[in-house]
Amino acid sequence: MTIHARRLAACAGLACVLGIAACGSSDLDSRLERRAAELRQEYRMPGLQVACALPDGRVVRVAAGLADSTTGAAMTTAHLLPAGSVGKTGLAAVVLSLVQDGTLDLDAPVSRWLGDEPWFARLPNAGPALTLRRLMNHASGLPDHLETDAFVAFCREMVRPGGTPDAVLSPREAVSFILDQEPLFPVGEGFRYTDTAYLVAGLVVERATGRAYYDLLRERFLEPLGFDGIVPQDRRDLPGVANGYVAADNPFGMPTHTLDPDGRFNHNPVLEWTGGGLVTRSGDLARWIRLLYGGTLLAAPYLDDLLRGQPMPSDFKGPGRYGLAVFVQDSPRGELRWHSGYYPGYNTMARYWPDRDLALVVQVNRDHDTHLAEVCAELERVVFGD
């Protein structure tokens with residue numbers, strides 16, 4: 001996979017012009033590490049990883065706290081953490097590459113690929129207006145299978161004592177939980193964030209190519225670009241994952257820790273698939289976000305499609321729009337492209353400022369009381385020298 005050559009202006013000199021704290025400074029690593037440790041203590045988090053991908057191509061990686069509070073194992077920059085919905089960016093990259101190949105069309109009816117599936121006619125809004133773009137913009141009007149009683153019951157059965165932790169929920173089974181429901185709104189006439197739409201988009205990818213989504217992601221991006229710290233969440237045994245800590249009153253009945261004594265997930269995390277479905281090291285994720293959101297992951301231009309989005313209601317995330325796996329909003333530092341991620345036991349925030357060509361990623365191995373917005377704001381001040 002060819003990447004655009006980075007402009008010479010996007011090196012250390014540009015960092016100086018933009019006022020990034022890393023310019024001319026050899027101690028950003030230590031200052032970021034010190035502040036991360038302070039924030040971890042302040043908010044009483046088990047552990048966290050922080051990474052910053054800078055305009056000169058350097059990636060600063062730091063970690064603080066514990067990867068396992070029972071054993072006392074320290075969190076390191078080598079640990080993996082589920083990135084939750086930030087993993088949707090993997091699907092966006094694969095889809096955009098297939099659009100450039102001529103294999104997919106973002107604005108063609110989804111029925112072109114899935115119309116002969118026996119369940120498709122029962123999908124809410126299963127008509128010619130339902131396109132791949134509308135699915136990925138969260139403008140499809142589809143309900144979210146995560147909010148159904150059937151999904152909650154499946155999860156509770158997996159994790160109960162004597163349950164079925166190896167049980168697999170296939171994408172089609174997950175989609176079946178919303179069949180025959182009323183659409184939330186006509187296609188394109190609203191916004192509702194839903195993982196189900198991304199599962200349907202993943203099914204389009206596999207039907208159009210005859211290939212497994214994770215194989216396409218590995219072959220087109222992860223392997224040629226050396227992203228060994230971005231790993232498909234495709235089995236219970238994923239070595240190197242930090243233990244995660246779940247709220248005791250979580251709706252899925254999950255134990256308060258995510259790993260069993262053998263270091264395996266206490267449930268089958270493959271169920272997330274194209275709704276997220278990646279475990280990551282923050283350093284690799286920051287580099288990935290900078291390439292994808294900065295417009296250089298693919299050889300041909302694609303930002304128009306990536307950033308073209310559906311307006312979001314102000315009571316959701318505030319004024320802005322949602323493109324292909326990216327929130328686009330104004331911020332005090334200029335335009336902000338970002339995504340957050342929740343997976344039971346973990347929280348992730350990934351941010352990219354195009355005017356500064358800089359990405360910041362924070363990952364925490366707890367899914368509650370993380371105060372991630374405040375933590376990110378404090379770490380931004382370190383990076384930008386506020």
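Just so we're clear, the structure is a prediction, and the values are computed from it rather than from any experiment. Position 1 is the first residue of the sequence, and the numbers go up from there.
No donor-acceptor pair under 3.5 Å is formed between the side chain of Glu157 and the backbone N or O of Gly163. At least one donor-acceptor pair under 3.5 Å links the side chain of Tyr346 to the backbone N or O of Ala242. Listed for the Tyr302 side chain is a donor-acceptor partner under 3.5 Å among the backbone atoms of Leu297. Side chain of Tyr352 to main chain of Leu292: no donor-acceptor pair is present (N/O by atom type, distance under 3.5 Å, no hydrogens or angles). Not one N or O on the side chain of Gln233 forms a donor-acceptor pair closer than 3.5 Å with the backbone of Gly277. In this structure, Gln49 contributes its side chain and Thr76 its backbone to a donor-acceptor pair below 3.5 Å. Listed for the Arg40 side chain is a donor-acceptor partner under 3.5 Å among the backbone atoms of Met45. A donor-acceptor pair under 3.5 Å is formed between the side chain of Arg156 and the backbone N or O of Pro251. The backbone N or O of Asn137 lies less than 3.5 Å from no partner atom in the side chain of Arg321, so there is not a single donor-acceptor pair. Side-chain N or O atoms of Asn365 include none that pairs as donor or acceptor with a backbone N or O of Val241 at under 3.5 Å.
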For this session: Verify side-chain hydrogen bond (donor to acceptor under 3.5 Å, both in side chains) between Arg134 and Gln310, making sure each step is shown before the conclusion.
Result: CA-CA 8 Å; Arg134 290 307 193 187; Gln310 185 75 2; 3.0 Å; yes

For this session: Would you sort out whether Gln363 and Val279 count as a side chain to side chain contact (heavy atoms under 4.5 Å, CB included), showing the intermediate values?
Result: CA-CA 11 Å; Gln363 293 189 269; Val279 294; over 6 Å; no

For this session: Evaluate the criterion side chain to side chain contact (heavy atoms under 4.5 Å, CB included) for residue pair Thr70 and His257; output intermediate values, then yes/no.
Result: CA-CA 10 Å; Thr70 302; His257 54 278; over 6 Å; no

Problem set entry | Tyr198/Ser85 under side-chain hydrogen bond (donor to acceptor under 3.5 Å, both in side chains): CA gap, chis, key distance, verdict | CA-CA 10 Å; Tyr198 269 70; Ser85 285; over 6 Å; no

Problem set entry | Verdict with supporting geometry, Phe221 and Phe227, side chain to side chain contact (heavy atoms under 4.5 Å, CB included) | CA-CA 8 Å; Phe221 299 105; Phe227 282 109; 5.5 Å; no

For this session: Apply side chain to side chain contact (heavy atoms under 4.5 Å, CB included) to Tyr343 and Thr348, showing your working.
Result: CA-CA 9 Å; Tyr343 192 81; Thr348 297; over 6 Å; no

Problem set entry | salt bridge (charged side-chain N to carboxylate O under 4.0 Å, His left out) evaluation trace for Asp29 with Arg58 | CA-CA 11 Å; Asp29 303 61; Arg58 187 164 64 105; 3.3 Å; yes

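At a threshold of 4.5 Å between non-hydrogen side-chain atoms, the residues Glu33 and Val60 do not count as touching. When side chains are defined from C-beta on, Leu130 counts as touching Leu123, because their heavy atoms get closer than 4.5 Å. Counting heavy atoms from C-beta on, the side chains of Asn243 and Thr71 never come closer than 4.5 Å. Side-chain contact between Leu135 and Leu142 is present, with at least one heavy-atom pair separated by less than 4.5 Å. In this structure, the side chains of Arg207 and Glu117 come closer than 4.5 Å at one or more pairs of heavy atoms. Using a 4.5 Å cut-off on side-chain heavy atoms (C-beta onward), Leu358 and Val383 make contact. Side-chain contact check for Leu324 versus Leu106: some heavy-atom pair is nearer than 4.5 Å. You'll find the side chain of Val200 reaches within 4.5 Å of the side chain of Val175, heavy atoms only.
Both Leu336 and Leu372 are assigned to one and the same hydrophobic cluster, defined by single-linkage of ILVMFWY side chains at heavy-atom distances under 4.5 Å. Criterion: ILVMFWY side-chain heavy atoms under 4.5 Å apart, direct or through other members. Under it, Val382 and Val59 are not part of a common hydrophobic cluster. Val364 and Met254 fall into different hydrophobic clusters, where Ile, Leu, Val, Met, Phe, Trp and Tyr are joined by side-chain heavy atoms under 4.5 Å apart, directly or via other members. Under the 4.5 Å side-chain heavy-atom criterion for ILVMFWY residues, no single connected hydrophobic cluster contains both Leu238 and Val246. Hydrophobic clustering, with ILVMFWY side chains joined whenever heavy atoms are under 4.5 angstrom apart, groups Val375 together with Phe327.
Considering all non-hydrogen atoms of both residues, Pro232 and Leu222 come closest at CD-CD1, 4.3 Å. Heavy-atom minimum distance, Leu360 versus Cys52: CD1-CB, 4.3 Å. Minimum interatomic distance between Val361 and Ala350 (heavy atoms only, all atoms of both residues): CG2-CB, 3.9 Å. Nearest heavy-atom pair across Trp113 and Asp105 is CH2-O, 3.7 Å. What you find for Val187 and Ser140 is that their closest heavy atoms are CG2-O, 3.7 Å. Between Arg287 and Leu225, the closest heavy-atom pair is NH2-O, 3.1 Å.
Through chains of ILVMFWY side-chain contacts below 4.5 Å, Leu184 is grouped with Phe185.
A salt bridge is absent between Arg264 and Asp166: the closest approach of a Lys/Arg side-chain nitrogen to an acidic carboxylate oxygen does not fall below 4.0 angstrom. Between Asp27 and Arg34, no side-chain nitrogen of the basic residue sits less than 4.0 Å from a carboxylate oxygen of the acidic one, so the salt-bridge criterion is not met. Using a 4.0 Å cut-off between a side-chain N of Lys or Arg and a carboxylate O of Asp or Glu, Arg192 and Glu147 qualify as a salt bridge.
One distance of note links OG1 of Thr89 with CG of Leu96; it measures 11.0 Å at 0.5 Å rounding. Taking CG from Asn266 and CZ from Arg236, the interatomic distance works out to 7.5 Å, rounded to the nearest 0.5 Å. Note that CZ of Arg337 is 4.5 Å distant from CG of Leu307, once rounded to the nearest 0.5 Å. From Leu199, atom CG reaches atom OG1 of Thr194 across 8.0 Å, with rounding to the nearest 0.5 Å. Rounding to the nearest 0.5 angstrom, the gap separating the CH2 atom in Trp338 from the CD1 atom in Ile289 is 12.0 Å. For the atom pair CG of Leu306 and CG of Leu298, the computed distance is 9.5 Å after rounding to the nearest 0.5 Å.
Within a 6.0 Å radius of CZ in Arg235, other residues, nucleotides and ligands contribute more than 12 heavy atoms. Within a 6.0 Å sphere centred on CG of Asp107, heavy atoms belonging to other residues, nucleotides or ligands number more than 12. Residue Asp237 qualifies as enclosed at atom CG: its count of foreign heavy atoms under 6.0 Å is above 12.
Ring geometry for His145 versus Phe177: interplanar angle of 30 to 60°, hence tilted. Ring pair His267/Phe265 is perpendicular by interplanar angle, where above 60° counts as perpendicular and below 30° as parallel.
Glu380 pairs with exactly one of Arg35, Arg356, Arg351 by the salt bridge (charged side-chain N to carboxylate O under 4.0 Å, His left out) rule, that one being Arg351. A side chain to side chain contact (heavy atoms under 4.5 Å, CB included) with Arg281 is found for exactly one of Ile230, Leu81, Leu80, Val231, namely Leu80.
Side-chain contact check for Ser69 and Tyr245: at least one donor-acceptor pair (N or O, by modelled atom type) lies under 3.5 Å.
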